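Below is one structure, written out as structure tokens; comments come after it.
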Amino acid sequence: MTNNKSLRRGGSALALGLASIVFAPGVALAQDTGASSADDSSGEGEIVVTGFSASLQSAVNAKKNRDQVVESISAEDIGKLPDASIAESIARLPGLTSQRVSGRSNAISIRGFAPDFSTTLLNGREQTSTGDNRAVEYDQYPSEVINQVLVYKTPMASIVGQGLSGTVDLRTIRPLDYGKRVISVGGRGSWAEIGKLNAGSKKYGYRVHGVYVDQFANDTLGIALSASYVDEPYQIQEFNAWGYAGDGTAANPVVIGGSKSYATSTQLTRLGLQGTVQWRPSPNFTSTIDAFYSDFKDDQIKRGIELPLAFGGAGVNVTDVDSSGQYVFARSGTFTNVEGVVRNDVFERQAKLYSFGWNNRWEGDNGWNVTADISLSKTDRNELILESNAGTGRGAGVGATDTIGFSSDRNGTVFSPGLNYGDYDLIQLTSPLGWGGDQTGVDGTRIRGGQDGYYNNRIIKDELWQYRVEVERELDGFLKSVQFGVNYTDRSKSLVPDEAFVGLVANTDGLTSVSIPEQYRLGTTNLSYLGLGPVVSYDPRDLLAAGIYQLVANPYGDVVVKSYDVSEKLMTTYLQANIDQEMGSSVLTGNVGVQAIFTDQNSNGASAAYIGQNANGSPNIQGIPQRASTDYVDVLPSLNLSLRTASDFVVRFSLAREIIRPRLDDMRASLKYGTTIGDVGNGVCPVGRQCAVVRGDAGNPDLRPWRANAADLTFEKYFGSKGYLAVQLFYKDLKSYIYNQDVAFDFTGYPIQDPGLDVNGNPIIVNYLGTANVPINGKGGKLYGVELAGTLPLGELVSALDGFGVTGGASYTKTKIQPTPGAPAQDIPGYSKWVANGTAYFEKWGFNARVSARYRSSFIGELSGFGGNRVRRRARAETIVDAQIGYDFQPGSALEGLSLFIQGQNLTNEPFVTDDPRDSRAVIDYQVYGSRYLAGASFKF
């Protein structure tokens with residue numbers, strides 16, 4: 001118990017010691033962009049600035065020189081970003097943050113919006129996603145193959161595929177622009193302080209990378225090649241509550257309703273390859289070919305115990321309560337007659353991502369420029385969830401039951417069981433509670449006495465072709481140039497679910513349980529952090545391959561309607577005029593333009609309903625193929641103006657119409673429905689008769705985008721190219737918002753099961769005028785805020801602090817959006833009122849050290865629920881602290897080009913926590929990832 005609490009509440013002494021070596025964290029940021037070095041002229045000659053300081057100067061220049069509101073990061077040097085993943089680096093930019101999944105940051109929220117509201121480009125081209133929707137998961141992109149990341153917070157007409165909250169553009173090296181030969185290799189080892197939690201898991205990992213850049217044929221041909229391979233473990237101690245029972249009175253206090261908690265071990269492997277070839281046969285013409293490939297595998301084993309408690313009919317005796325809040329909360333007590341389900345579950349996720357692009361640009365001597373670009377982005381993904389159950393006997397009340405003590409607080413619940421769940425003589429393969437009952441597949445195969453597990457393989461394919469032509473005319477005067485372009489995007493995404501009940505081959509009578517064969521026993525997994533002790537451990541994939549388990553394909557309609565195929569064809573035309581005009585001692589720059597997007601969207605799916613049984617006892621599911629299409633036009637004007645004064649002040653103003661297209665899974669043409677006897681809906685049931693109404697839920701192929709009118713105003717003060725301070729104000733008025741609502745639906749003509757006769761022998765009357773719960777477009781609301789950002793090399797202010805600096809930002813965002821029609825305004829997914837990011841650093845004489853902290857206030861997070869479904873929960877505020885120390889051997893040294901470093905991540909062992917909406921004492925999720933340490937080296941020559 002004591003060890004459990006100390007583990008949850010803090011990091012190790014080593015972690016805090018490493019942080020104290022560097023600096024106390026301030027409100028700052030790791031914001032790096034551009035080239036790998038920058039020059040600073042002084043009276044004593046040229047001083048070459050490299051490393052983190054150079055990346056900050058590149059970031060300052062990128063922000064200063066662009067006409068949009070932009071944040072950026074870049075490699076400190078070729079092949080070396082300042083963090084272990086791109087998402088962790090991006091999450092430190094002003095106004096940005098991330099949510100951790102399995103201990104890793106892999107999705108980005110911009111200005112209080114969920115990842116669904118932003119888009120990601122690779123070298124300016126739209127990308128497919130390894131997720132169910134459009135939001136890119138950044139752990140697909142190795143940081144070692146990315147040279148720069150630009151985050152556009154305001155739109156511009158000439159950027160295709162922009163988001164509503166922002167647009168992230170990942171950039172790789174342009175070898176001819178880089179202009180010199182570089183070979184860089186590096187590697188790092190990682191150690192998970194939390195240790196290995198499961199048999200066969202690891203606590204040590206590694207990653208290696210290499211980069212080669214060169215120019216040939218009198219610098220007319222350039223090549224850049226990058227490769228990265230990662231093999232790293234992640235360990236997670238998970239507490240999860242089903243929810244909480246009780247009304248919160250003294251007689252019926254709030255008490256945990258059930259628990260499904262795991263020790264989770266993840267092995268992440270990823271091969272990333274990137275290549276660019278540039279050919280410039282004349283100064284006027286450049287042809288560039290880009291290719292990117294990622295082979296990603298995330299293999300999880302989750303072992304734990306599912307405990308049906310207050311919701312499962314267990315008796316409860318509460319011995320201590322907390323009455324300090326709105327509700328009386330049960331802090332401790334005992335549950336009796338508990339029949340636990342031992343879980344050994346596999347979550348296996350594989351994805352292959354391909355991206356190709358070919359760009360040709362002609363820059364004429366007469367001021368005419370032409371660009372043509374073609375690209376392909378493709379993702380093939382499989383996500384397997386294989387669940388396996390074990391317990392003391394088949395069926396409720398058959399096996400031994402347990403008396404379990406519990407202690408609940410803001411860190412979750414710790415249990416004191418009476419049974420030994422690590423006893424292989426006691427715990428057998430079975431269906432302890434008989435979940436699912438008897439099941440018969442369409443082919444006649446059967447499971448009796450409850451399912452022994454579940455098999456859910458989700459097969460996703462996503463493909464996007466993009467074709468673009470742009471003509472630019474350079475001018476003299478107020479207008480610097482005018483651009484006109486046409487872009488055609490053809491995207492299709494499909495999901496095919498392969499689901500089956502898992503049953504023991506030996507269970508032919510519905511009464512049989514099977515001991516776990518000795519050759520498949522993997523010892524025990526220790527759940528002492530939950531007080532549950534050891535649990536039996538095995539790999540269900542081995543039992544399935546050995547023929548101990550069999551699969552019975554799930555024949556029900558809810559599987560049928562999960563499948564979808566959505567395609568989009570977008571024709572985008574744009575016109576943009578670029579401004580550059582001197583105004584006394586100041587200069588006005590910017591652009592004004594408009595996009596017109598012609599959309600043709602199509603969706604294929606099915607409706608499905610149970611209408612009875614087949615002759616072999618399997619359900620008779622009738623489905624009707626569904627296809628729907630729609631088309632519409634969006635016109636998106638935009639204006640970006642920047643007034644640059646001689647004293648290095650920049651004032652920016654932006655107005656724009658912004659959109660983000662609907663979630664792809666919300667656009668599915670699928671419909672699931674059924675009848676509920678006794679529910680008459682809006683109809684009138686005759687006296688003495690019994691009635692039923694048809695109700696369902698569906699996607700909506702006719703969905704339109706989220707749309708917003710946006711305004712930005714920023715005030716920036718620069719200190720040459722080394723530092724800046726900025727105040728950034730933004731306002732978004734969402735003219736539309738997508739939410740789910742019950743709408744009237746006529747089910748006349750759809751196959752529906754005959755509800756039979758009522759108690760008087762009369763046919764039950766069916767009302768076909770029912771409802772369907774569907775996503776629809778409705779009114780939005782307002783979201784606005786302020787961001788403070790800056791980079792300050794302190795040596796420029798106080799000479800004694802030469803080498804020291806801070807960089808970072810803080811933002812406050814206010815939302816007045818109504819995600820549910822008619823309800824009060826509330827937080828939208830991904831929204832945090834406060835976000836702060838910062839880095840304090842020292843870099844001099846080859847030595848470098850820095851500590852980074854990022855904070856976000858509470859937010860609505862998205863988690864993966866049963867069957868891969870999205871689950872939204874309120875997450876607590878969190879602060880993540882990372883640090884790094886290193887040394888770069890200096891010019892003239894025998895080891896010139898060698899860099900050594902040590903990193904510590906999540907140094908304070910910050911957990912990820914979600915609460916029951918009624919009471920923060922009622923914890924739903926409490927996930928502990930532990931601290932991680934990395935040590936590595938890179939060599940450039």
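What you see is a predicted model, and the numbers here were worked out from it, not measured in a lab. Counting from 1, the numbers follow the sequence of the chain as shown.
Using a cutoff of 4.0 Å between basic side-chain nitrogens and carboxylate oxygens, Asp634 and Arg704 are not scored as salt-bridged. By the 4.0 Å N-to-carboxylate-O rule, Asp712 lies too far from Arg652 to be salt-bridged with it. A salt bridge does not link Arg381 with Glu137: every distance from a Lys NZ or Arg NE/NH1/NH2 to an Asp or Glu carboxylate oxygen is 4.0 Å or more. Between Glu787 and Lys153 a salt bridge is recorded (basic side-chain N to carboxylate O distance below 4.0 Å). The pair Glu472-Arg361 meets the salt-bridge criterion, since a charged nitrogen lies less than 4.0 angstrom from a carboxylate oxygen.
Rounding to the nearest 0.5 Å places OG of Ser165 at 8.0 Å from CZ of Phe117. Taken from OG in Ser654 to CD in Gln68, the straight-line distance is 8.0 Å, to the nearest 0.5 Å. Note that CG of Asn591 and CD of Gln483 are 8.0 Å apart. Values are rounded to the nearest 0.5 Å. Arg491 contributes atom CZ, which lies 10.0 Å from atom CG of Leu570 (distance to the nearest 0.5 angstrom). Once rounded to the nearest 0.5 Å, the distance linking CD1 of Ile110 with CD1 of Ile108 reads 7.5 Å. Separating the CG atom in Leu376 from the CD atom in Gln127 is a distance of 9.5 Å, to the nearest 0.5 Å.
For the pair Glu126/Thr119, no side-chain contact is recorded, criterion being any heavy-atom separation below 4.5 Å from C-beta on. Side-chain contact check for Thr120 versus Tyr138: some heavy-atom pair is nearer than 4.5 Å. Residues Ile597 and Ile659 are in side-chain contact: their nearest non-hydrogen atoms beyond the backbone lie under 4.5 Å apart. By the 4.5 Å heavy-atom criterion applied to side chains, Lys493 and Thr128 are not counted as neighbours. Side-chain contact check for Asp666 versus Asn700: every heavy-atom pair is 4.5 Å or farther apart. Ser118 has its side chain out of reach of Phe113: every pair of non-hydrogen atoms, C-beta onward, lies at least 4.5 Å apart. Contact annotation: the side chain of Val149 approaches that of Ile86 to within less than 4.5 Å [non-hydrogen atoms, C-beta and beyond]. Residues Tyr488 and Lys569 meet the side-chain proximity criterion, which asks for heavy atoms closer than 4.5 Å.
Checked by atom type and distance alone, the side chain of Asn284 pairs as donor or acceptor with a backbone atom of Glu363 at under 3.5 Å. A donor-acceptor contact shorter than 3.5 Å links the side chain of Lys732 to the backbone of Leu164. When atom types are taken as modelled, the side chain of Lys63 and the backbone of Val70 share a donor-acceptor pair closer than 3.5 angstrom. A donor-acceptor pair is defined here as one N or O able to donate and one able to accept, closer than 3.5 Å; no such pair exists between the side chain of Thr379 and the backbone of Leu353. The closest donor-acceptor contact from the side chain of Ser857 to the backbone of Lys833 lies under 3.5 Å. In terms of modelled atom types and a separation under 3.5 Å, the side chain of Gln466 and the main chain of Ser377 share no donor-acceptor contact. Checking side-chain atoms of Gln595 against main-chain N and O of Ala157 turns up a donor-acceptor pair under 3.5 Å. Judged purely by atom type and a 3.5 angstrom limit, Arg134 uses its side chain to pair as donor or acceptor with the backbone of Pro662. Without hydrogens or angle criteria, Asp665 side chain to Asn133 main chain gives no donor-acceptor distance under 3.5 Å.
Here the closest non-hydrogen pair linking Pro705 and Ser736 is O-OG, 3.0 Å. Nearest heavy-atom pair across Ser642 and Arg66 is OG-O, 4.2 Å. Across every non-hydrogen atom of Thr154 and Val69, the tightest pair is OG1-N, 3.2 Å. Pairing each heavy atom of Arg663 with each of Trp706, the nearest pair is N-CZ3, 4.1 Å. Across Leu122 and Ser355, no two heavy atoms sit closer than the pair CD2-OG, 3.7 Å. Minimum heavy-atom separation, Pro155 to Ser638: O-CB, 4.1 Å.
Counted within 6.0 Å of CG on Asp631, heavy atoms from surrounding residues, nucleotides or ligands total more than 12; the atom is thus considered enclosed. Residue Trp362 places its CH2 atom among more than 12 non-hydrogen atoms of other residues, nucleotides or ligands, all under 6.0 Å distant. For Lys717, the NZ atom sits in a packed shell: over 12 heavy atoms of surrounding residues, nucleotides or ligands are nearer than 6.0 Å. Heavy-atom neighbours of Lys64 NZ from other residues, nucleotides or ligands within 6.0 Å: above the threshold of 12.
For Ser811 and Arg111, the side-chain atoms include no donor-acceptor pair closer than 3.5 Å. Judged by distance alone, the side chains of Thr714 and Glu716 do bring a donor and an acceptor atom under 3.5 Å apart. Defined by atom type and a distance below 3.5 Å, a donor-acceptor pair is missing between the side-chain atoms of Asn709 and Asp733. Side-chain polar atoms of Asn578 and Ser481 form a donor-acceptor pair below 3.5 angstrom. The closest side-chain donor-acceptor pair between Ser492 and Asp565, if any, does not fall under 3.5 angstrom.
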| message | Apply salt bridge (charged side-chain N to carboxylate O under 4.0 Å, His left out) to residues Asp67 and Arg644 and explain how you reach the verdict. | response | CA-CA 10 Å; Asp67 290 318; Arg644 308 169 187 276; 3.0 Å; yes
| query | Between Phe859 and Tyr831, does a ring pair (Phe, Tyr, Trp, His ring centres under 6.0 Å) hold up when you go through it step by step? | reply | CA-CA 5 Å; Phe859 62 100; Tyr831 165 77; over 10 Å; no
| Under the salt bridge (charged side-chain N to carboxylate O under 4.0 Å, His left out) criterion, do Asp290 and Arg174 qualify, and how do the steps go? | CA-CA 10 Å; Asp290 293 298; Arg174 310 287 87 177; 2.5 Å; yes
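Ring geometry, Tyr737 versus Tyr739: the interplanar angle falls under 30°, so the pair is classed parallel (tilted spans 30 to 60°). In this pair, Tyr354 and Tyr293 present their aromatic rings tilted. The plane angle is within the 30 to 60° band. Relative orientation of the Trp465 and Tyr467 rings is parallel, given thresholds of 30° and 60° on the angle between their planes.
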